[in-house]
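Heads up: the structure comes next, in structure tokens.
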Amino acid sequence: MAVFDTPEEAFGVLRPVCVQLTKAQTVENVAHLQAQLQAVSDSALQELQQYILFPLRFTLKTPGPKRERLIQSVVECITFVLSSTCVKEQELLQELFSELSACLYSPSSQKPAAVSEELKLAVIQGLSTLMHAAYGDIILSFYEPSVLPRLGFAVSLLLGLAEQEKSRQIKMAALKCLQVLLFQCDCQGHPRSWDELEQKQLGDLFASFLPGIATALTRVITGDFKQGHSIVVSSLKIFYETVSFIMADEQLTRVSEVQAKPAAEHRVAELMVHREASWVKNTGDKLTVLIKKITECVSVHPHWKVRLELIDLVEALLLKCSQSLVESAGPLLKALVSLLNDESPDVQAQCNKVLRRFADAKVVVGSRAFADILSENLHSLATSLPRLMNSQDDQGRVSTLSLLLGYLKLLGPKVNFVLNSVAHLQRLSKALIQVLELDVADIKIVEERRWNPEHLHTSPETPAAGQWTLIQRRYFRFFTDERVFLLLRQVCQLLGFYGDLYLLVDHFMELYRESVAYRKQAAMILNELVAGAAGLGVENLHEKHIKTSPEELREIVTSILEEYTSQENWYLVTCMEAEEVGEELMVKQSGLQALTSGAHTCQATSSPAFSKPGPTICSMNSNIWQICIQLEGIGHFAHALGKDFRLLLMSALYPVLEKAGDQTLLISQAATSAMMDICHACDYDSLQHLINQNSDYLVNGISLNLRHLSLHPHTPKVLEVMLQNSDASLLPLVADVVQDVLATLDQFYDKRATSFVSVLHALLAALAQWFPDAGDLREQSLGEEGSHLSQRPARLENGLDVTTAEGIEQFVLNYLKEKDVAEGNVSDFDNEEEEQSDPPEVDENDLGPHVEPPLPVQIQIATDVMERCIHLMSDKNLKIRLKVLDVLDLCVVVLQSHKNQLLPLAHRAWPSLVHRLTNDDPLAVLRAFKVLQTLGGECGDFLRSRFCKDVLPRLTGSLVSQAPVSARAGPVYSHTLAFKLQLAVLQGLGPLCERLDLGEGDLNKVADACLIYLSAKQPVKLQEAARSVFLHLMKVDPDSTWFLLNELYCPEEFTPPHPSLHPVQLRGATGPQNPYTANVLLLLQQLP
Amino acid sequence: MADLPLPPPDPQFVLRGTQSAVHALHFCGGAQGQGCPLLLSGSLRGLVHIWSLQTRRVVATLDGHGGQCVTWLQTLPQGPQLLSQGRDLKLCLWDLAEGRNTVVDSVHLESVGFCRGSILAGGQSRWMLAVPGSGSDEVQILEMPSKTSVCSLKPEAGTRPGMPMCLQLWQANSSPRPLLLAGYEDGSVALWDVSEQKVCSRIACHTEPVMGLDVDSQKARGVSGSAEKVLAVWSVDEQQALQVRRTHQLTNPGIADIKIRPDRKILATAGWDHRVRVFLWQTMKPLAVLAFHSATVHCVAFAADSLLAAGSGDHRISIWSLYPHT
């Protein structure tokens, strides 16, 4: 674009313009000149630099008032020239510098002249361009003591602009210019590296400006947040670059005590500063005040870039001026540390980087002074922590705790200096304990119950390993923010990681034992300490730190575990149910202690007036949480020890399993997740695997605890959980412990039958599941029976459908055949086969190949259990009776293939069972029916006659006698026992008849008794139940049922299929409706 | 709480899984460079189980007696070698070093009785072994590991003590001569001088067969139990004469095994009444009755530390921590 390449050509063009300008100093002329300059090449311009500058400088220097517009255009023009050329002469540089800065000088005031913003901007640009245009060696000689006044003027001018201008643009420009002046410009080609001597020279020179720069910038930085983040960022940058340059330890160590005679005139020499020790001390103190202001203000600055810059500030100052600014280290570290958990990830990352760098450079660890400062900070923070936690909001708490965390991170292994001081440790622990106090007033904790006992099977499917950080939601008294809790955990983990674990564990164990008020918090802290000690969740900044050895850790964990699972800390009162409390009575002695001492934490709800201190909601909640925390701790310990934890399973697994069967939802959840943790940590595939592999340990615990059942009332539950979660491989062990169980049961028939019965139930359910061969057979026989029953209707249908002569003939033949069979003339092959196929098959499959003198273990167990059931069936407690009937049912299933064992037992159980059927609560009646059904399936012949003799008459009798009562009764009747009994009998009879394959006479008895209940006058439920009886009867004997029903009500006329036959007239006339119509119609519809 | 009597003591833990009655027990301390301490148990079905006391689980099973009851287990002081005596008329020497478990040698026995052997090993490579001999009333002395028969101790013609029921080789503090204490079927205990092959002394301290005896070599005092209700404490004087010091009446008859703890403070008996009884050795003061098993206790053993193990017909081995010595 340049038109004039040579100086000659350019001169020819520029000369008239310059002359013109010299003559008439107008804006137009300046503009003209600048326009012409555009066309001149850079090299030509460099040649003509002095010539062109002359008229411009002349314009500036002309005395008298000038128009601002003119000055501005001149300055802009000079800037343009300088931007394309170099200043090669020292003098020119100095003069231009003065002339430019003078443009903003107002003699009247200290402040910058009140000129237009454009002019200010132009001048600042000019100065900046000038400094950039100066040649490398010239610029250095520019910074001589003699230039001090001029430079000082420019610096204060720029600071003034930066501080007081309104325009953001000017402020930025001024700051930028200041950076250029102070050699902090980051543009390329600007000299930035100096040798030692040059550094010292510059440092001495700039030291004079330090107070001005520092205070002015501090004002800018701490000014309104609204001024824009870039200004603050630049100001921070200049601040720390300047301070770290002037106060650099490196430079200061070389400053001699005696001031060298300055090679300058006296006036200037007065302005010079000698950076000797006392000056450093003074300046350091003053800077500390400023730095404190800055860090406090900036660390909460809303813009993240500002906070990011603060990190750089801290880094620069701490790395370069660790000695000169030792007083500021506190606030600086605090600022850094508080940004560790900044909401901006960039800030966090940078902060971590810097911390790591500090650790690498041993800034803290290498320097005693820093460590002292940090310990002091930590101490004072610990002191004020409880107060801060109380008074601050969650945001404040987060930052306070971040600070604490940061101190610990920085101190690293040196944290032990702090912990070794009893006072410090106590402060810290008190603070943690207080903050972690749980809110235990929530009633839901106690209320929530575990309903599904099979819960373990469906528990969280193998969450990814390393999920140990997931824990139950807690509610704290002093905060709600999850982040606060997370920080607290991290604090504890760090303590565990760097601190002396023995010391810490001892201390917190003491607190744990000291009072119930501390117990939960102390346990939480202990859990995290151990996790931290194993390096879980800890980011190590100090490479040389040696972790606690696995052996030590195991020892520590063992002792904590022992404490956690000890009688008085593990068996706490957690629910109020009468039965449970009864069971717990024995434990009370130890439990009460915990209760009474726990009561003071929530006096609002616990009334001291109770003569007998019952458990309050609060104390139970507290107990529940304590157990949960301890369970969670066991999970943590497992992760901390990894496979080493396997050795501890012999003592830890039993208590955890015990809690897995707890009724309180929270506890059983916590226990389950602890088991999952153990699975992961010890490398087991699943809970089942864990339990299976360690069943020997469990059995050991169970059998020993059974010996002192009153002290360990939950032992049966463990066995229950174990049984539910293991497989047949366990049988030998189970057989061993079952002997203990039965022996104990025999001792405690009266008191603890409930828990034992449920164990027996679990046991038999497990056996039935583990040895399904028996179960399969049963299914199979059921299926056969089903098909056998469904065949007949199908045949009948065929016969009825065909209305031809042959069809009728066939039907009659069929009928005769069946009649023969019914009368006992068994000549039918099909039927014979069907009827006899069942029993021999069973015998072959089961007894044949397996006949061995010693019974299989499971059979022996089932026999033993059934023996007990016979006794327990008449227990006073209905719940027990019901459960026993269930167990009995399962016993029969397991024993079905061993008739030699089953039949004698069934014989002995019979009287009691009859009693249940005829003379017990409706619920028991129903269960008894179920047992009877199962029993009927297994030993039908054995049972049929007894049933018909002992039970059936009484049942039908009672049904018949009660029928008129229920027919007349009002709606309230359905709440009476009589009604429930009727219902139970009706519901039970149907399936039983089918199952027992009763004879026709007995069936008729049943049908007769139930017919009355088909009346619409009966309560609806009884009608339904009666219908169900008939549905079952239909399956056994559809023909007679059909006939019976039609006797009651006949919905249609029967026209004979052939005229030669007589029309049939049944008793239940089609005519008028009767009370049975509806039900009979319903039933007939379902009759195939 | 303090008013309540202490609950009956419980075993520290119970080892399950032998699946048959336990007839022999022997502790093998961790001192021999094996790491964790071990417990060896011999079962009715001829298996020897090696239990780790750290994990409380079987670490190895040795099958060398053809399904016949293992009656005696003993490790040698010089290295990880195990002697096991079975009713298959074999005495096996096992090498257990570095996880090996192979029979390196075996001795054929002549007697089918229940009499357990005994060894006397003073730390040298040669050691003495006493086992029931070929004649029904003989005791055979062998020198091991060469298996050379040293002598056969046969009671004098006039006496009819019956079969030897239990043996204990020992060396009195006063003289280096090896002695053998043998309990016989007729209830007598005899002290043999092995080198001279003669009975030094004999006492009839029981009326039923002597089932077990143990001797405190420092005090030259021993104790024996039999099928009856009495424990007898006897001593050997300077002239090597046995003397009954005292007897102790038991509530139930039948002692299957009797052991004095290595520190010679307490002793334990294995009872046919399913109980283990613990006495103060000095005074024979009864200290505890350990009721846990549901069948005859066949054997007891003490570890170098305070652990006591009892093996029983109920297939379980109970481990007790008793009065740990200070």
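With a threshold of 4.5 angstrom between heavy atoms, A:L704 approaches chain B through its backbone and through its side chain. At a 4.5 Å heavy-atom cutoff, A:N705 makes no contact with chain B through either its backbone or its side chain.
The aromatic rings of A:H680 and A:H639 sit tilted relative to each other, their planes meeting at an angle between 30° and 60°.
When only modelled atom types and interatomic distance are considered, B:S318 and B:H293 share a side-chain donor-acceptor pair under 3.5 Å. Using modelled atom types, one finds a donor on one side chain and an acceptor on the other under 3.5 Å when comparing B:R16 with A:S703.
Contacts of residues 53-62 of chain B with chain A at a heavy-atom distance below 4.5 Å involve B:Q54, B:T55, B:R56, B:R57, listed in sequence order.
Partners of B:Q68 according to the side chain to side chain contact (heavy atoms under 4.5 Å, CB included) rule, which considers only residues two or more places apart in sequence or in another chain, are B:R87, B:D88. Every residue two or more places apart in sequence or in another chain was checked for a ring-ring contact (aromatic ring centres under 6.0 Å, His included) with A:F756, and none qualifies. Scored by the side-chain hydrogen bond (donor to acceptor under 3.5 Å, both in side chains) test, B:S41 finds B:W51 as partners (sequence neighbours excluded).
Considering OG1 of A:T715 and CD1 of A:I702, their distance stands at 8.0 Å, rounded to 0.5 Å.
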